[in-house]
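Side chains are part of it too, since the values below use all heavy atoms of this structure and drop only hydrogens, waters and symmetry mates. Residue numbering restarts at 1 for every chain, and letters A, B, ... go by the order of the sequence lines. Quick caveat: nothing in here was measured; it's all calculated off a predicted structure.
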Amino acid sequence: MNLQLDWSFFTWDLFTNFVIKGFYFSVQLTAIATIGGVFFGTLLALMRLSGNKWLMTPATIYVNGMRSIPLVMVILWFFLLVPLLIGKQIGAEASAIITFIAFESAFFSEIMRAGIQSIPRGQVFAGQALGMTYSQNMRLVVLPQAFRNMLPVLLMQTIVLFQDTSLVYAIGAYDMLKGFETAGKNYGRPIEAYLAAAVTYFVLCYSLSTLVKHLHKKIAVIR
Amino acid sequence: MIDVINVSKWYGNIQVLTDCSTHIEKGEVVVVCGPSGSGKSTLIKTINALEPFQKGEVFVDGVAVHDPKTDLPKLRSRVGMVFQHFELFPHLSVTENLTIAQIKVLGRNATDAKERGLKMLDRVGLTAHKDKYPGQLSGGQQQRVAIARALSMDPIVMLFDEPTSALDPEMVGEVLEVMTSLAHEGMTMMCVTHEMGFAKQVSTRVIFMDVGGKLLEDCSKEDFFGHPEARQPRTREFLDKILAH
Amino acid sequence: MIDVINVSKWYGNIQVLTDCSTHIEKGEVVVVCGPSGSGKSTLIKTINALEPFQKGEVFVDGVAVHDPKTDLPKLRSRVGMVFQHFELFPHLSVTENLTIAQIKVLGRNATDAKERGLKMLDRVGLTAHKDKYPGQLSGGQQQRVAIARALSMDPIVMLFDEPTSALDPEMVGEVLEVMTSLAHEGMTMMCVTHEMGFAKQVSTRVIFMDVGGKLLEDCSKEDFFGHPEARQPRTREFLDKILAH
Amino acid sequence: MSWDWQVFCQDNISQEVVTGCFGKGGDVTYLDWMLSAWGWTVSVALLALLVALLFGTVVGVLRTLPDSRFWLRLGNAWVELFRNIPLLVQIFIWYHVIPAFFPAMKALPGFVLVVFALGFFTSARIAEQVRSGIMTLPRGQRMAGMALGFSTFQCYRYVLLPMAFRIIIPPLTSETMNVFKNSSVAFAVSVAELTLFAMQAQEETSRGVEIYLAVTALYVLSALANNRIMAFIEKRLRVPGMVAAAGGGH
Amino acid sequence: EGTLDKIKNSGSAALGVRESSGLGYTLGNGKYVGFHTEMGERILADIQKELGLDKLEIKYQPITSQNRVPLIVNGTIDLECGSTTNNRARQKDADFAITTYVEAVRIAVRADSSIKDLKDLNGKTIVTTTGTTSVQTLRKNKRAENLSFREIMGKDHSDSFLMLESGRADAFVMDGSILAANIAKSKSPQNYKILDETLSLEPIACMLRKNDPDFKKAVDDSIKRQIADGSLLELYNKWFMQPIPPTGVNLNMPLSAATKEAWDNPNNKPMEEYDAQ
Ligand SMILES: Nc1ncnc2c1ncn2[C@@H]1O[C@H](COP(=O)(O)OP(=O)(O)OP(=O)(O)O)[C@@H](O)[C@H]1O
Ligand SMILES: Nc1ncnc2c1ncn2[C@@H]1O[C@H](COP(=O)(O)OP(=O)(O)OP(=O)(O)O)[C@@H](O)[C@H]1O
Ligand SMILES: [Mg+2]
Ligand SMILES: [Mg+2]
């Protein structure tokens, strides 16, 4: 074994200088994109399930298009094209947030669509039979159940999203992985930096998924 | 109270209701039976417009169900419906199941809704379970809650779609009991069921449907059970089969 | 042929079988009934080791089911089992359903297996459907295929777990008919069922279980149905309920 | 910025436009290069998918075995390990850290390592899907198989997996699309695939927009082809008479 | 609206900087340093004076080799002082200030290596970094000298260096300043050496938006001022001849003849014209 690790550079200062800022950004981006993605994703899912051609077709094209382009390309395109379209510059951070919401909406819409379809048709009938309108039925009966059913899958996508925030390197934004990388480069210790990143990501993502599993057990629909 | 006039329905090319007509008076208890896939569920669902149909007319308490201008949610809120698989909302407690539609649809305030809901829960004998979730109840209990939920909307008519066929045999009785007492109180009811005991005991009329959604019989229970010779061959064959074992 | 000796089983702290003992002779037809959750399915599944148990002994044709050294797949291949929800393999055609276990488990060649399978299919009257998939059959037909599948393994005993309770009422008859003819041919059978007509007609013995997996009754059908006064109160209550409607 | 699509016809050394757009006699135009990069992308993705399906199925099955704590734990550990660390970091570890412990691995080209890294990463997700596919099957199916005398292996082979795979084809389609997209990390270990091509070619030609557009189009094309193939498989495997494969009802 | 007006109106300027290159890098926490980074700050200070602004806020925007040209074109950054080679292709999209540093593409090997010049690379494995002009340089030399070697590419410079360090590659071909920086920061700098041979020369200059002659003149004037009063040389020595943060290593890279030549005759010739020499 010829791997000598040198952790001497790995001080608290380094953490506060390089990693924390990226961590905040990653978390912020993940949180905003998850909330926005679930919201718009649900709308897209409802459009796709509406049975109305004028709603279904654009939603389907949007979702399938977004899902077939690598995220890093979406980020780049968004960053390059939107200023040309609106004739005004938007910052890397804002651009990243908008891109992630737009991109994640496509993924969350697929998840929510499966979730909505997993609710037995009888539930919809029951809501209707009680006199609920379409939107009441969705809000009070279908979506709460769909959301509970889909929580584990939503979680998995959120973990992917948290890891994918590293792709913002393409437009010069700064996330947690970038923090570790930059530190590793400037101190000439990339292996140590990557190992630290692996451990940090693992601990964060694993805790997150454990947390959500507990939450899911709590709010899961008792059948 | 309910008028079904020449209703036909197709799924694509397949006809599932053929020229169905019937009339139900206030206080009548009508049992609908027939082989699987004959369109019993479809027929009963046309009455509160859960199933749209292409031809014919349905009136409930004078309201034209087939009219696109009719406020369907409002109509449905006045027609109680009970399903084969209960369809309680599993993410809501029993009390919430009983009150949510009263509050969101009828606009009752939470206190009134709860009072009304608990009264109906008491009627089906389940007050003790008011804070449980549907998943924590047995099938028979769930179905009784479902009946209470429908009743708490103060319906003018109750529709039942095979309310006991998903139940363990021991629990069938407790649900039929609630239905029987409802009938005795004068509730207008339309029930899809194969419980011939119930039909014999409480129904005023029996409708028999055959595949393709045809109403083969529509007569009083006395005629239906008392004069087999006057029935169609298909009806007799069906009755023989289900009464045999 | 089958010996169940002091079998007990727990899920965690909850006891689901309590000291169950019974003995079934070759050619006997035993009906098991009792309320939901009383452990009927669990008991019947201990016999072909689908449910492990912590205490007691089970012998099938002299083979010790509880012995860790027993070749369970081999034992199971000699015990036919029919489930409430048919459990045909939906991705295989009827013929494939009938032959796959013969080929893969018994090692028969494809021609023999097919011959045997089709013979059994004929026995349940479904030869015409041999190339269909389970999803294309009605419930009653699926259950009959399931019986044929079990029979084509040449079982020494057949276990039935509520074979008719998921069926439309009209189809119950056709399945019971097959079972009845099997019984008349001398097949050893153990049936969990609530079809009391079937029990009265063909069973030799009736076992009644109560919650907690206790065998409350284990007597001849004449005693069970003919002498209600000699039965336990719980048994009488149960019989009253399910015979009432 | 103005368009300049001629850039693809340039020779990658002299930067001169070649007639016919394809290089002759060992010369390479950017178009040649891009097409070969596409080939690498497809190769990495397909091989990684193979690895992922293999390991994902095994691990997914391990996590559904009745009463076997050990295998369950092992399966869970596998999934958690490979899905909670960013792919890029995993690749780095495969390439730089693990060979330090096993020097023999240094001889392996980046291509092989990336196939395994991407394959294992994806296998965690496929294992989840396989597991949930098996779990959605009615419990009675396993019972029925065992009652007929199938061994556990036979039960999975003939009864559970054929149905589970049919059920999970839609999420599996998404996953295969992800593998194509994720294959872009292969650039980190010097596999000349599309992303590496894009980064390098845009640097050399300064026609970033044209290069990225073309590369995006190739990714979309791959996804589309992938989607059609999966739809074809789904159709071929569709069981007659079965509606709502996901085992709705009971 | 010219860039000068934009700066005047907004009271701020966006400076494109590098996060880890020989001429500019970050200390973390939003702090960017290095020879070209500091030079860029001085240029902006001169512009502030010229515009008569009390205050000029510098917005640092870290850039990568993939996005720097689009960022200049779409106006995210006003001036980029990182390590961008001035070449003809880029000149179609952006303008360059006068050359302030002439980079020599060179070869780094392990100290105990028998490789002495380009020809010794025959049959060896060479690493370079994706998205750099060195890849092209290497490719040209490969054909010109009729060499056959295996070429691998690191994701970034530290990755490439790691491949040299771990023995996956026999040589690392890259800009001299980057090689020097990576060696200096490594665990044991004495284990590596940079060969004397120069594979090509590349002029490095600040980049700015095309067709903005006023802004270009202001930038060029400031650089000329810095050359003339010797402050640029001082700055050079600060970053290349003295210990630098964060670890306090000394790169020890005296001013090259080519860079000196560029300072003495301010110009913005693209890379292609250097090749011709
Ligand atoms: N969404 C649908 N698309 C096509 N055909 C349908 C649909 N829903 C129902 N059908 C068909 O309509 C016919 C009538 O169905 P319906 O559910 O009303 O029968 P039923 O008498 O209630 O049967 P069961 O006793 O099984 O509940 C059946 O042949 C059924 O296959
Ligand atoms: N996997 C399990 N974990 C915990 N408890 C279980 C499990 N499976 C069954 N039980 C419990 O064991 C008891 C007996 O179950 P079993 O299915 O044998 O009853 P049954 O008599 O067949 O009922 P039914 O008529 O509903 O089929 C029930 O109380 C049930 O809740
Ligand atoms: Mg029905
Ligand atoms: Mg049971």
Side-chain angles (χ1 to χ4, degrees), chain A residues 38-39 42 45-46 49-56 111-155 212-223, chain B residues 41-42 44-45 47-52 71-94 96-107 132-137 139 142 145-146 149-155 157-162 166:
Chain A
V38 167
F39 180 77
T42 306
L46 291 177
L49 293 170
S50 67
N52 177 330
K53 197 172 74 189
W54 297 105
L55 294 175
M56 276 162 77
I111 296 172
M112 286 312 286
R113 190 161 72 106
I116 292 170
Q117 282 175 329
S118 77
I119 307 302
R121 271 171 60 80
Q123 289 283 308
V124 181
F125 278 138
Q128 283 180 354
L130 286 168
M132 289 184 191
T133 60
Y134 177 79
S135 85
Q136 283 177 327
N137 215 346
M138 278 296 158
R139 270 187 298 118
L140 303 173
V141 178
V142 178
L143 290 180
Q145 292 185 59
F147 195 75
R148 281 170 169 82
N149 287 353
M150 283 300 149
L151 203 59
V153 191
L154 285 172
L155 159 78
V212 176
K213 262 182 221 149
H214 278 292
L215 187 70
H216 183 240
K217 272 201 196 113
K218 254 201 176 138
I219 69 164
V221 178
I222 310 163
R223 293 204 183 272
Chain B
S41 303
T42 309
I44 204 172
K45 282 184 187 147
I47 289 167
N48 60 352
L50 287 184
E51 292 272 9
D71 180 356
L72 291 180
K74 190 167 163 218
L75 169 80
R76 290 180 188 136
S77 70
R78 304 178 61 208
V79 177
M81 178 143 194
V82 176
F83 298 84
Q84 180 176 14
H85 292 111
F86 332 137
E87 307 299 354
L88 293 178
F89 303 134
H91 60 298
L92 302 178
S93 72
V94 166
E96 287 164 340
N97 262 284
L98 292 168
T99 54
I100 187 161
Q102 291 187 64
I103 296 170
K104 303 288 179 185
V105 176
L106 302 182
K132 288 199 177 157
Y133 281 79
Q136 299 169 305
L137 302 178
Q142 287 190 51
V145 174
R149 179 175 72 178
L151 291 176
S152 59
M153 300 289 284
D154 300 312
V157 54
M158 288 281 289
L159 309 176
F160 292 83
D161 189 3
E162 308 207 32

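Here B:Lys104 is the residue among B:Lys104, B:Met153, B:Met81 with the most heavy-atom pairs under 4.5 Å with chain A.
Contact annotation for B:Leu88: only backbone heavy atoms (N, CA, C, O) come within less than 4.5 Å of a heavy atom of chain A. Residue B:Phe83 touches chain A through its side chain alone, counting heavy-atom pairs closer than 4.5 Å. If you measure heavy-atom distances from A:Gln128 to chain B, the contacts under 4.5 Å come from both the backbone and the side chain.
Checking side-chain atoms of B:Asn97 against main-chain N and O of B:Leu92 turns up a donor-acceptor pair under 3.5 Å.
Atom CE of A:Met56 and atom CG of A:Leu49 lie 8.0 Å apart (nearest 0.5 Å). Taking CD1 of A:Ile111 as the reference point, atom CG of A:Asn149 lies at 13.0 Å (rounded to 0.5 Å). The structure places NZ of B:Lys45 at 11.0 Å from CG of B:Leu159, a figure rounded to the nearest 0.5 Å.
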